[in-house]
Amino acid sequence: MARIGFIGLGRMGHAMSRQLIAAGHDVSVYDINPAAVQSLAALGAAGADSAAAAASGRDFVVTMLPNGPDVEETLFGAPAVAAAMGQDTLYIDMSTVAPEATDRIAARLKAQGIRMVDAPVGGTSEFAERGQLLILAGGEAADVAAAMPVFDAVGRETIHCGENGAGTRTKIVNNFMSTALNVLTAETLAFAEAAGLDVQRTVKVLAGTTAGKGFLTGAYARKIFAGDISAEFGLGLASKDLTLALIYAANLNVPLGVGAAASQVYQMAKAEGFGGNDWSAALETLRRRAALPEQSFS
């Protein structure tokens, strides 16, 4: 049984705290909403009257707050949580914040002799309700291992992403892809409906192709990640197909902003000579634009 202070009892934090209580841990909780504290106290948590009180005398202190300024204020501002933590306390921030905020927090805590793991989560509140979150942990390997009693209670898997800040950065990258794909999916379904198609039948088709199955474990894994950009499906052909779709959608008055932006990447890739290569070579075009080291392909 670990002594855990949990600060931030929104929908995610409340569900995670319940999982920790159910796992048999000694949980002290705090939130600016007294009702959230009281509801967890009824389940066996110790309701604290301040964030500092929730953090005092704990093996672990967890924050699950809306944004970086909230975390920094809670730690170093009037709530003074950092001052309340002991040298043996492991601080775990499970909020989704800017990487720069994580870096500042980790540096300030290190100067005070306090260890930190940044551990934002993958999954919605429904995953939190089931204790099935994906934990993206950044920090020293020993600290991530020490935090496993917390992570095992709230998550289905913990991935050690690297040093402090790597968990936060992985979460930002993951959220970029999911939020952008959400808009691309919406564009696609609006396009299908405007074309007079049955949307659910179209979804069935999309789910059986690369469109729905994705690239990471498919085309990218087989080709560019394996150091091979010989054409499985040519980038020039992909560009042609996308252009056909954009022209047809324009005739239907369907805005495809994400698709139009993607078309520009294909044009850049063709200009760099990748037109006859695999469509996964679009990645190398973007890597060059970001001044990343050039790859050598077989």
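Residue numbers run from 1 in the order of the sequence given.
Phe215 CZ: more than 12 foreign heavy atoms inside a 6.0 Å radius. Remark: Arg130 CZ is packed, more than 12 non-hydrogen atoms of other residues, nucleotides or ligands lying under 6.0 Å away. By the neighbour-count criterion of 12 heavy atoms within 6.0 Å, atom CD1 of Ile32 is sparsely surrounded, having that number or fewer from other residues, nucleotides or ligands. Within a 6.0 Å radius of CD in Glu163, no more than 12 heavy atoms belonging to other residues, nucleotides or ligands are found. For Asn175, the CG atom is densely surrounded, since the number of other residues' heavy atoms within 6.0 Å is greater than 12. Applying the 6.0 Å contact sphere to CD of Glu140 captures no more than 12 heavy atoms from other residues, nucleotides or ligands.
For the pair Arg58 (side chain) and Asp26 (backbone), a donor-acceptor distance under 3.5 Å is present.
The CG atom of Asp31 sits 11.5 Å away from atom CD of Gln38, with the distance rounded to the nearest 0.5 Å. The CG atom of Leu75 lies 8.5 Å from the CD1 atom of Ile114; values are rounded to the nearest 0.5 Å.
The closest side-chain donor-acceptor pair between Thr285 and Tyr266, if any, does not fall under 3.5 angstrom.
Of the residues listed (Asp59, Thr89, Val27, Val61), the one engaging Arg3 in a side chain to side chain contact (heavy atoms under 4.5 Å, CB included) is Asp59, and it is the only one. Checking Arg18, Met64, Met94, Gln132 one by one against Val154, the side chain to side chain contact (heavy atoms under 4.5 Å, CB included) holds for a single residue, Met94.
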